[in-house]
Every structure is written in structure tokens, then in C-alpha cells.
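Heads up, the thing below is written out as C-alpha cells.
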Amino acid sequence: MTESSVPAHRDFVRQIIDEDLKTEKWAGRVHTRFPPEPNGYLHIGHAKSICLNFGIAKEYGGKCNLRFDDTNPEKEEVEYVDSIMDDVRWLGFDWEDRLFYASDYFEQIYQWAEQLIRDDKAYVCSLGLEEIRGGRGSASEPGVDSPYRSRSVEENIDLFRRMRAGEFPDGAHVLRAKIDMAHKHMLMRDPIMYRIRHTEHHRTGHKWCIYPTYDYTHGQSDSIEGITHSICTLEFENHRPLYDWYCDALGIHHPQQIEFNRLNLTYTMMSKRRLLELVQGKHVHGWDDPRIPTLRGLRRRGYTPESIRAFVAYVGVTKNNATMDMCVLENHIREDLNKRAERRMGVLNPLKVVITNYPEDQTEEMDAVNNPEDATAGTRKVPFSRELYIERDDFMEDPPKKFFRLSPGKEVRLRWAYFVTCSNVVKDASGQITEIHCTYDPATKGGDAPDGRKVKATLHWVSAKHALQAEVRLYDHLFVKEDPDEVSDASLDWKSNLNPNSLIVQPAAMLEPSLGLAKTGERFQFERMGYFCVDSDTQGAHMVFNRTVTLKDQWSKEQAKG
RNA sequence: AACCCGGUGGUGUAAUGGUAACACAUCAGAUUUUGGUUCUGAUUUUCCAGGUUCGAGUCCUGGCCGGGUUACCA
């Protein structure tokens with residue numbers, strides 16, 4: 001599972017590359033690329049592609065390019081370009097000097113289009129959008145040839161040049177490949193190569209008013225960059241014949257397209273379109289909302305790049321439709337943070353405790369271990385005094401059998417401090433517990449009983465007068481269903497499965513004072529509660545923490561059983 | 001519907017014609033100054049039917065089921 005170890009198992013993509021190296025298909029070269037369209041933010045599904053492409057390049061001593069697939073000016077923006085570069089770097093990958101844009105190749109791609117026209121493999125079609133669709137036929141019936149299919153090379157070249165020159169309005173003409181209107185692949189029935197769009201492009205401005213389509217751009221871009229293995233997701237499998245057709249028709253370097261399965265996760269969704277809908281519909285607070293699986297969201301939530309890389313390596317690469325359990329992702333961040341995160345005490349839902357036999361004005365500094373998994377993390381001092389806060393869930397007046405924590409007459413350990421026994425429960429007029437009274441055993445200082453007696457539970461606590469009050473945001477699954485698309489009746493859609501409790505804010509959690517020094521992004525384990533990180537909303541003394549993930553919790557499972 | 005691709009425990013991934021395995025999840029237990037961590041054990045698997053073979057999860061044929069595609073998006 002560790003990412004440094006060389007995996008014994010070779011997934012099918014690596015097996016293909018092994019074979020290519022053996023047969024010297026590419027003269028020993030391995031060159032991949034990660035080709036995002038800058039029309040949205042990257043999510044953990046993209047992380048799989050990034051790790052695969054950059055990872056393979058690294059393993060084989062090859063190269064991986066970052067290339068923006070920016071052929072549709074209507075949807076693409078610089079904002080996305082910048083965020084994508086930032087996310088790829090954050091994940092831990094480096095494209096060195098190989099930052100490219102498909103739009104850099106527009107001139108070459110245009111010249112190749114003229115070449116195809118001259119070779120009688122492309123023509124300008126002046127049918128309208130609906131007519132083109134209609135003419136394409138259907139799965140059961142072949143399409144019919146466009147009346148413009150037999151235009152002369154001269155007329156095609158003239159028309160195409162005038163398209164480029166801006167003589168025609170949007171939609172007046174398109175350039176189509178001349179393949180076969182009866183082909184069994186609908187995609188091969190004279191696909192569109194160029195469309196007229198009088199739209200400003202985020203990089204080329206108004207230089208172009210005709211833009212090439214994905215199919216007529218992607219393989220050519222790969223070819224120009226000398227890519228050997230063009231790795232993409234399964235939904236492009238159908239496009240491979242076209243990819244191959246263009247490379248062959250042009251007679252240019254012809255990379256091999258390989259398709260792998262995309263990552264799906266339970267209780268969330270990866271669709272760019274739906275993520276956009278969540279953001280624009282204000283169902284979440286932006287692209288970096290810690291509840292959505294964008295890389296920025298996960299980052300803000302407290303996920304480390306290491307944990308995401310390890311997770312992605314764990315899920316593997318196949319051609320199966322696969323949905324990973326969210327708990328597997330959560331286990332990876334737990335595993336990472338268990339080793340690295342220092343422990344602190346934080347009471348999320350405070351209940352006042354008075355140690356009645358503890359001196360009024362006394363304060364003691366207790367020694368606390370920072371990380372039991374890492375001796376080099378050292379220790380810290382935690383102030384202890386007569387009035388404390390403990391977790392409200394750690395006390396029950398009338399506990400069930402398997403409840404080990406504090407209840408009347410029961411003795412528990414306060415971590416790194418003393419054994420205490422509950423002597424009294426104080427309630428308000430409505431019967432709400434307002435505070436509890438305990439006595440402590442001075443002989444148990446530090447948390448060990450010299451007489452060897454045991455307690456069943458250890459509680460975290462914070463000294464009331466030393467406590468740092470902070471806002472803590474508790475996150476849960478974005479959706480209540482494993483599969484957000486599962487709805488009880490057809491009038492409902494996936495949004496009806498949004499979890500109304502995916503964010504619960506604790507405005508006044510009580511934290512141990514050492515946390516006041518924590519910086520934005522810093523991660524801790526709040527003992528017994530989970531892993532937390534300092535949110536970017538932190539302003540001076542007003543600190544905000546995000547819960548990355550809870551600790552595994554046997555007691556909550558016990559409770560769920562009823 | 002057509003075309004393309006897939007079906008191995010609950011989930012994901014191995015086994016590359018030779019004993020079906022690993023991880024997570026679930027359950028039970030041990031250890032524990034976190035009901036965390038760690039450790040031990042248990043439960044549960046080759047879609048179906050034929051064929052080839054000494055031998056099939058793997059190869060072949062036919063079915064069944066699931067997904068993708070059928071855009072002037074990528």
C-alpha cells in the first residue's frame with residue numbers, strides 16, 4: 001500500500017507499456033500527457049488520471065506533459081487554467097517545461113485540415129445543425145450523403161479559407177471529414193472537424209472564429225507532442241476509431257490511445273456538470289467547499305496529497321465499472337494522519353465539570369504526549385484546574401450496559417490528569433443537565449493509579465478558564481444515499497438526496513490553549529474525536545477548524561445497533 | 001435499437017491454462033492512559049449453458065446482466 005514500494009502487480013496499462021518496451025515499438029520512449037479541459041475544477045477522479053499519467057512517466061523514466069484541451073472557447077476560462085495548474089502541483093506532480101495548450105496548435109491543425117481537403121478527405125458542409133443530425137440516420141438506418149459532399153477541392157478550399165476569414169456567421173458552414181455515411185459507428189458518419197464560433201478565446205483572443213472539435217484536435221495534439229501512450233477514460237473508447245482515422249489520414253506520428261475506468265465514490269458525485277450545479281445553486285459554498293470531492297475541497301477539508309496518491313494507487317486501474325466505498329478514502333487519510341498529526345484535546349459539545357475537592361485557585365500543568373505513534377513529536381503542557389469541560393456525550397445519567405464513560409458513581413480517567421468520580425448532577429428547571437460534580441484522587445496524577453486499579457474509560461477535557469473558544473465545522477457525507485441517483489419516485493432527482501446535515505457548525509467548541517498558535521492548514525487529531533485542520537476562514541482570534549474525518553468509533557456502532 | 005466495453009466475496013483489486021488470493025467492510029477476541037492505533041481469528045467469491053483440455057476464473061460459442069456512446073461538448 002505504500003506508494004514508495006514498487007508494485008509487483010502490473011495493471012493492464014503498464015503491461016501494454018512493458019510489451020511496447022520489449023518490442024521497441026516507440027524506440028524505448030514513454031511519453032504521456034494529462035489533458036484537462038479548462039472548464040471546471042479538478043476532482044479526485046482527475047487525480048487518478050494525473051497519478052496514472054505522471055506516475056507512469058516517472059516509473060519508466062519518461063515524460064508527462066500538461067496540456068490544456070482548450071478547443072471550446074464558450075466554456076473555458078483562465079480561472080480554471082490557473083486552478084488546474086495549482087491543483088496538479090499540490091498533488092505533487094511537475095510538468096517541468098512542458099506546459100502546452102491545444103490552442104497553440106491551431107495553425108498546424110488548420111493546415112492539416114486543408115491537407116485533408118486536398119486529399120478529398122474533408123469537405124465544407126452548408127447544412128444546418130438539424131439537417132446534419134437528420135442526415136446522419138440512426139442506429140438502424142444508414143445516413144444519407146450531404147448534398148455538399150461532392151464539392152470540388154477548389155470550392156472547399158475557398159469556402160474553408162473564407163470561414164477562417166470570418167466571412168460567415170456562426171453555423172453557416174462546418175468542415176466535415178469525408179468517411180462513410182453508412183458506417184456502423186455513428187461517430188464515423190462524416191464527423192464535424194470545424195465549426196464557426198465568433199467567440200473570444202481565453203488565449204487566442206479574436207484571432208480565430210473557427211474552432212476544431214475534440215476529435216479533430218486531440219490525436220493531432222498528442223502527435224505533435226510525440227506522445228506514445230494517450231491514456232484516457234472509458235467513455236472515449238468509441239472515439240478511438242476516429243482518433244486512429246485522423247492520424248492515419250494525415251500520415252502523422254500515431255500514438256496509442258488506451259482507455260481505463262474512471263473513479264466513482266459512494267455518497268458523492270464526480271460529474272463536472274453536477275458539481276457546477278451544486279456550486280451555482282448554492283447547495284455548497286464554492287469549489288473549495290470541504291464537502292465536495294474537488295481537489296480544492298479535499299485540500300481544505302484536510303486531506304493530504306500523500307493520502308490521495310495512496311488511495312488512487314490502491315483503487316487500481318482496470319476497465320470495470322467500479323465504485324469505491326467512501327470509507328476507503330477515509331481510511332487512507334486516517335492512516336496518514338495517525339502517523340503524522342499531533343494530538344490535542346478539544347471539546348466539541350461542552351459540559352461543565354466541577355472537581356469539588358480540587359483547590360479553587362490552583363492550576364497544574366499536565367504533561368501530554370503529542371503523538372503516541374511518533375516519539376520524536378515530544379510532549380506539551382496542558383493546564384488543569386477546578387472547572388473543566390468534557391464532551392456532553394461522555395456523560396449519561398442513566399447509562400446502558402455497554403457505556404463505559406462517566407455516570408453517577410462511576411470513576412473514569414481524565415487523560416494525562418486524574419481519575420475522577422461523579423458525585424452529583426446539577427440540572428436546570430427544565431431538567432437539562434447544566435453541570436456535573438466530581439471528586440478527584442490526587443494520587444492518580446498523570447493518569448496512573450498507584451494501587452493498580454483500572455478504569456474503563458479515558459476522557460478528553462479542557463480547563464474552563466484556559467479554554468480557547470473556536471468554531472468547529474463537522475462534515476458528513478454530501479448525500480444520504482450511497483448512490484445519489486437512487487430516488488423513490490420519478491419526480492425526484494439526485495438533489496433530493498442531499499444530506500441536510502452534511503455541515504454542522506459548533507460555534508463554541510472549547511479547545512486546549514496550545515491550539516491558539518495553529519496556522520491555517522495545520523492538522524491535528526483531537527483525541528477521541530477525529531482529525532481536524534485549521535480553516536482559511538480563521539481571522540485573528542476567531543479560529544475555525546474543519547473536521548477532516550472522525551476516528552473509527554466502536555461505540556457509535558454499538559449505539560446504532562440499538 | 002445499433003455500436004463499443006465490462007461481469008471474481010458486500011466493495012475494490014489479484015491469480016496471464018495448474019491449490020481462487022489480498023485489502024477494506026462485517027463479526028468475534030487480545031492489547032491499550034484515545035471505544036483510536038496495533039495484533040489474532042471468523043464469515044463471505046469466479047453471471048449462466050455448452051465446448052476445447054489431463055486440467056478453465058482464464059481459451060471458444062451462445063445467452064443473461066451492467067456500463068458507455070449514438071453533440072457544430074470534452
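Just so we're on the same page: letters track the sequence lines, and every chain starts at 1.
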Identify whether the distance between the nearest side-chain nitrogen and carboxylate oxygen of A/D441 and A/R453 falls below 4.0 Å. yes

Is it true that A/R340 and A/D336 make a salt bridge, defined as a side-chain N closer than 4.0 Å to a carboxylate O? yes

Using a 4.0 Å heavy-atom cut-off, does A/E373 contact any base of the nucleic acid, only the sugar-phosphate backbone, or nothing at all? base

Indicate whether OP1 or OP2 belonging to B/G35 is found under 4.0 Å from a side-chain N or O atom of A/R528. yes

Please report the distance, rounded to the nearest Å, between CG in A/L187 and P in B/U69. 11 Å

Base, sugar-phosphate, or nothing: which does A/L129 touch, judged by heavy atoms less than 4.0 Å apart? base

OP1 or OP2 of B/G36 versus the side-chain N and O atoms of A/Q525: is any pair under 4.0 Å? no

Tell me the stems RNA chain B sits in, counting at least three consecutive Watson-Crick or G-U wobble pairs, each under 3.5 Å on both distances. B:1-7 with B:64-70, B:10-13 with B:21-24, B:26-30 with B:38-42, B:47-51 with B:59-63

Going by centres under 5.5 angstrom and planes under 30 degrees, do the aromatic ring of A/Y214 and the base ring of B/A74 stack? no

Send over the distance from A/N331 CG to B/U11 C1', rounded to a whole Å. 12 Å

Presence of A/R133 side-chain N/O under 4.0 Å of B/A71 phosphate oxygens OP1/OP2: no

Presence of A/H9 side-chain N/O under 4.0 Å of B/A14 phosphate oxygens OP1/OP2: yes

Sugar-phosphate only, base, or nothing, as touched by A/L127 at under 4.0 Å among non-hydrogen atoms: base

Hey, does the side chain of A/R273 come within less than 4.0 Å of B/A74's phosphate (OP1/OP2), counting only N and O? no

Can a donor-acceptor pair be found between the side chains of A/S221 and A/R33 at a distance below 3.5 Å? no

Separation of A/F12 atom CZ from B/C5 atom C1', in whole Å? 11 Å

Once you apply a heavy-atom cut-off of 4.0 Å, does A/E527 come out as touching a base, just sugar-phosphate, or nothing? base

Parallel, tilted or perpendicular: rings of A/Y214 and A/H218 (30°, 60°): tilted

Nearest whole angstrom, please: distance from the C1' of B/G36 to the CE of A/M345. 15 Å

Closer than 4.0 Å, any side-chain N/O of A/R197 to the OP1 or OP2 of B/C73? yes

Indicate, with a heavy-atom threshold strictly under 4.0 Å, whether A/T71 touches base, sugar-phosphate, or nothing. sugar-phosphate

Is the closest side-chain heavy-atom distance between A/D215 and A/Y243 below 4.5 Å? no

Given the ring of A/Y101, does A/R203 sit roughly above its face, with NZ or CZ under 6.0 Å from the centre of the six-membered ring and within 45° of the axis? yes

Under 4.0 angstrom, heavy atoms only, what part of the nucleic acid is A/T266 near: base, sugar-phosphate, or nothing? nothing

Students often get this wrong, so: under 4.0 angstrom with heavy atoms, is A/G40 touching a base, only sugar-phosphate, or nothing? nothing

Measuring to OP1 and OP2 of B/U70, would you say a side-chain N or O of A/K184 lies under 4.0 angstrom away? no

Decide, yes or no, whether a salt bridge links A/R528 with A/D393 under the criterion of side-chain N to carboxylate O below 4.0 Å. no

Using a heavy-atom cut-off of 4.0 Å across all strands, would you classify A/F236 as base, sugar-phosphate, or nothing? base

Check every strand shown and say whether A/R343 touches a base, only sugar-phosphate, or nothing at a heavy-atom separation below 4.0 Å. base

Touch class at under 4.0 angstrom, heavy-atom based, for A/P372 against every strand present: base

Anything under 30° is parallel, anything over 60° is perpendicular, the rest tilted; go ahead and classify A/F106 against A/H201. perpendicular

Using centres under 5.5 Å plus planes under 30 degrees as the test, is A/Y314 stacked with B/G12? no

Name the closest nucleotide to the A/N320 side chain, picking from B/G6, B/C72, B/G35. B/G6

Measuring only the C1' atom in each nucleotide, how far is B/U61 from B/U19? A whole number of Å is fine. 29 Å

Answer yes or no: does a side-chain N or O of A/T318 lie under 4.0 Å from OP1 or OP2 of B/U13? yes

A/R136 side-chain N/O to B/C72 phosphate OP1/OP2 under 4.0 Å: yes

Base, sugar-phosphate, or nothing: which does A/V315 touch, judged by heavy atoms less than 4.0 Å apart? sugar-phosphate

Sugar-phosphate only, base, or nothing, as touched by A/K402 at under 4.0 Å among non-hydrogen atoms: base

Using only heavy-atom distances, decide whether a donor-acceptor pair under 3.5 angstrom links the side-chain of A/H332 to the base of B/A23. no

Do you see a donor-acceptor pair shorter than 3.5 Å between the side chains of A/R344 and A/S514? yes

Taking only the side-chain nitrogens and oxygens of A/N261, find out if one of them lies under 4.0 Å from OP1 or OP2 of B/U13. yes

Counting just side-chain N and O atoms, does A/K319 come under 4.0 Å of either OP1 or OP2 of B/G7? no

Which part of the nucleic acid does A/F311 contact within heavy-atom distance under 4.0 Å: base, sugar-phosphate only, or nothing? nothing

Can you see if the side chain of A/K339 gets near the phosphate of B/U37 - specifically, an N or O under 4.0 Å from OP1 or OP2? no

Base, sugar-phosphate, or nothing for A/H460, non-hydrogen atoms under 4.0 angstrom? nothing

Any donor and acceptor pair, going by atom type alone, linking the side chain of A/R523 with main-chain N or O of A/Y531 inside 3.5 Å? no

